[in-house]
Visitor: 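Shown below is the structure under consideration.
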Amino acid sequence: MTPEDWIRPATMEAARAAQREIAARAETADRLEEPRLVAGVDCAGAPRGAPDRVRAMAVLLGLENRSRPVATGLAEGAPAFPYIPGFLGFREIPFVLEAVAGLPRRPDLILVDGHGVSHPRGCGIATHLGVVLDLPTIGVAKSVLVGKMEGELGEEAGSTAPLVWRGQRIATVLRSRRGVQPLLISTGHRVSQETALRLVGEWLAGYRLPEPTRLADKLAGEARRAAATLL
DNA sequence: GCGACAG
DNA sequence: ATCTTGTCGC
């Protein structure tokens with residue numbers, strides 16, 4: 001059973017302690033089968049001025065049709081944690097867990113919108129989610145939290161460069177397609193940095209974001225618009 | 001003390 | 001995350 005503090009810590013001190021414990025349990029080496037069922041998770045927030053809300057969307061994709069979801073899971077509610085850089089997991093994971101639980105099967109791998117180990121305490125939301133679910137996860141972030149890119153990044157799709165922090169390579173900067181801001185790919189849990197980069201590349205379909213995350217992002221937004229239309 | 005700061 | 005029209009480019 002996962003400690004309550006790993007999901008809903010009562011104080012910032014408890015949250016910080018939980019992240020250190022989770023980071024200590026994170027596995028940065030490969031411990032996964034070649035993924036057949038891959039899930040993508042992303043969260044949407046409420047418009048400015050509206051009450052604080054979070055909507056989590058989980059999309060399950062299979063190898064047959066990498067662009068048609070096998071299933072989706074949705075969860076929404078009022079977050080107990082505000083958005084604080086470095087503590088994103090405590091805000092979104094309660095809803096992400098519910099969204100993933102709504103899927104008919106446990107995925108072999110989850111691509112998460114956000115960082116994995118490329119975090120101040122090595123516990124970004126991808127790592128956090130992976131340890132809690134004990135499932136392989138990869139962090140797919142759209143901007144840097146900590147660290148600096150080393151060297152130059154090519155303009156061509158597929159170009160990469162290391163993201164370094166405190167002398168350690170914590171993520172790979174990836175130009176997923178020409179003319180777009182690069183992605184930051186990091187180990188979440190049970191997936192090595194090299195495998196994470198390979199798998200993200202395999203699930204890219206011509207867009208900036210890999211399909212699992214791209215669809216989760218799109219569907220979360222459509223669900224938001226659909227809900228707004230009903231009001 | 002100052003600046004940085006995923007979604 | 002969200003606020004938002006037109007505009008550049010394949």
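Each chain gets a letter, A, B and so on, in the order the sequences are listed, and its residues count up from 1. The analysis underlying the following values was restricted to heavy atoms, covering all of them including side chains, and did not include hydrogens, waters or symmetry mates.
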Visitor: Under a 3.5 Å cut-off on both pairing distances, which runs of 3 or more consecutive Watson-Crick or G-U pairs involve DNA chain B?
Guide: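 Expected stems, ordered by start: none at all.
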
Visitor: Is there a residue in residues 128-163 of chain A whose heavy atoms reach under 4.0 Å of DNA chain B, and which residues are they?
Guide: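 Within this stretch, A:Ala141, A:Lys142, A:Ser143, A:Val144, A:Leu145 sit under 4.0 Å of the strand.
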
Visitor: Tell me what A:Gly86 touches on the nucleic acid: a base, only sugar-phosphate, or nothing, going by heavy atoms under 4.0 Å.
Guide: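 Answer is base: heavy atoms of A:Gly86 come under 4.0 Å of a base.
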
Visitor: Regarding A:Leu184, tell me which of base, sugar-phosphate or nothing describes its non-hydrogen contacts under 4.0 Å with the strands shown.
Guide: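 If one applies the 4.0 Å heavy-atom cut-off, A:Leu184 turns out to touch nothing in the nucleic acid.
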
Visitor: State the CZ-CD1 distance between A:Arg91 and A:Ile125, to the nearest 0.5 angstrom.
Guide: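 The CD1 atom of A:Ile125 is 10.5 Å from CZ of A:Arg91, to the nearest 0.5 Å.
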
Visitor: Under a 4.0 Å N-O cut-off, is there an ion pair linking A:Arg198 with A:Glu194?
Guide: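 Looking at A:Glu194 together with A:Arg198, the answer is no, because their closest N to O distance does not fall below 4.0 Å.
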
Visitor: Nearest-Å distance, CZ (A:Arg214) to P (B:dG7)?
Guide: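 To the nearest whole Å, that distance equals 18 Å.
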
Visitor: Quick one: which of A:Leu199, A:Leu109, A:Asp108 gives a side-chain contact (heavy atoms from CB on, under 4.5 Å) with A:Val38?
Guide: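 So the option named by the test is A:Leu109.
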
Visitor: Would you confirm whether A:Arg208, through its side chain, and A:Gln181, through its main-chain N or O, come within 3.5 Å as a donor-acceptor pair?
Guide: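 Checking the backbone N and O of A:Gln181 against the side chain of A:Arg208, a donor-acceptor pair under 3.5 Å is found.
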
Visitor: Quick one: A:Phe81 CZ to B:dA6 P, roughly how many Å, whole number?
Guide: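 After rounding, the gap between these two atoms is 16 Å.
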
Visitor: Provide, to the nearest angstrom, the distance between the CE atom belonging to A:Met57 and the C1' atom belonging to B:dG7.
Guide: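 A:Met57 atom CE is separated from B:dG7 atom C1' by 17 Å.
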
Visitor: Output the single nucleotide from C:dA1, B:dC5, B:dG7 whose closest atom is nearest the side chain of A:Arg91.
Guide: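 Selected nucleotide: B:dG7.
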
Visitor: Is there any salt bridge (Lys or Arg N to Asp or Glu O under 4.0 Å) pair reaching into residues 168-186 of chain A, and which pairs are they, with sequence neighbours excluded?
Guide: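 For residues 168-186 of chain A: A:Glu155-A:Arg175.
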
Visitor: Ignoring hydrogens, what is the shortest heavy-atom contact between A:Thr127 and A:Ala26? Give both atom names and the distance.
Guide: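 It is CG2-CB, 3.5 Å.
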
Visitor: Could you tell me the separation between the CG atom of A:Leu88 and the C1' atom of B:dC5, rounded to a whole number of Å?
Guide: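 Value for this atom pair: 12 Å.
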
Visitor: I need the CE-P distance between A:Met12 and B:dC5, as an integer number of Å.
Guide: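 A:Met12 atom CE is separated from B:dC5 atom P by 18 Å.
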
Visitor: Over how many whole Å does the gap from A:Asp42 atom CG to B:dG7 atom C1' extend?
Guide: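 Computing the A:Asp42:CG to B:dG7:C1' distance gives 8 Å.
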
Visitor: With respect to A:Pro210, which candidate in A:Leu215, A:Leu183, A:Leu61, A:Ile185 satisfies the side-chain contact (heavy atoms from CB on, under 4.5 Å) definition?
Guide: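 Running side-chain contact (heavy atoms from CB on, under 4.5 Å) over A:Leu215, A:Leu183, A:Leu61, A:Ile185 with A:Pro210 returns exactly one hit, A:Leu183.
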
Visitor: Hey, can you pull the donor-acceptor pairs under 3.5 Å for the side chains in residues 93-105 of chain A, sequence neighbours left out?
Guide:
none

Visitor: Over how many whole Å does the gap from A:Ile185 atom CD1 to B:dA6 atom C1' extend?
Guide: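 Going from A:Ile185 (CD1) to B:dA6 (C1'), I get 13 Å.
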
Visitor: Do A:Trp6 and A:Ile110 land in one hydrophobic cluster if side-chain heavy atoms of ILVMFWY residues count as linked below 4.5 Å?
Guide: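 Same cluster.
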
Visitor: Just how far is it from atom CZ of A:Phe81 to atom CE of A:Met12, taken to the nearest 0.5 Å?
Guide: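 A:Phe81 CZ to A:Met12 CE: 5.0 Å, rounded to 0.5 Å.
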
Visitor: Stacking check: are the rings of A:Tyr83 and C:dA1 less than 5.5 Å apart at their centres and under 30 degrees in tilt?
Guide: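 No; by the centre-distance and plane-angle rule, A:Tyr83 does not count as stacking on C:dA1.
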
Visitor: Flag yes if A:Trp165 and A:Leu184 sit in one hydrophobic cluster, no otherwise; membership is Ile, Leu, Val, Met, Phe, Trp, Tyr, and two members link when side-chain heavy atoms are under 4.5 Å apart.
Guide: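 The answer is yes; both residues are in one hydrophobic cluster.
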
Visitor: Using a 3.5 Å cut-off and no angle test, enumerate the donor-acceptor pairs between side-chain atoms of residues 131-145 of chain A and protein atoms at least two apart in sequence or in another chain.
Guide:
residue, atom, partner, partner atom, Å
A:Asp134, OD1, A:Arg31, NH2, 3.3
A:Asp134, OD1, A:Arg190, NH1, 3.3
A:Thr137, OG1, A:Ala126, O, 2.7
A:Thr137, OG1, A:His189, N, 3.1
A:Lys142, NZ, A:Asp113, OD1, 3.0
A:Lys142, NZ, A:Asp113, OD2, 3.0

Visitor: Distance check needed: B:dG7 C1' versus A:Phe95 CZ, whole Å only.
Guide: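 After rounding, the gap between these two atoms is 14 Å.
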
Visitor: Mind running a 4.0 Å heavy-atom check of residues 195-206 of chain A against DNA chain B and sending the residues that fall below it, in number order?
Guide: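 Within this stretch, nothing sits under 4.0 Å of the strand.
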
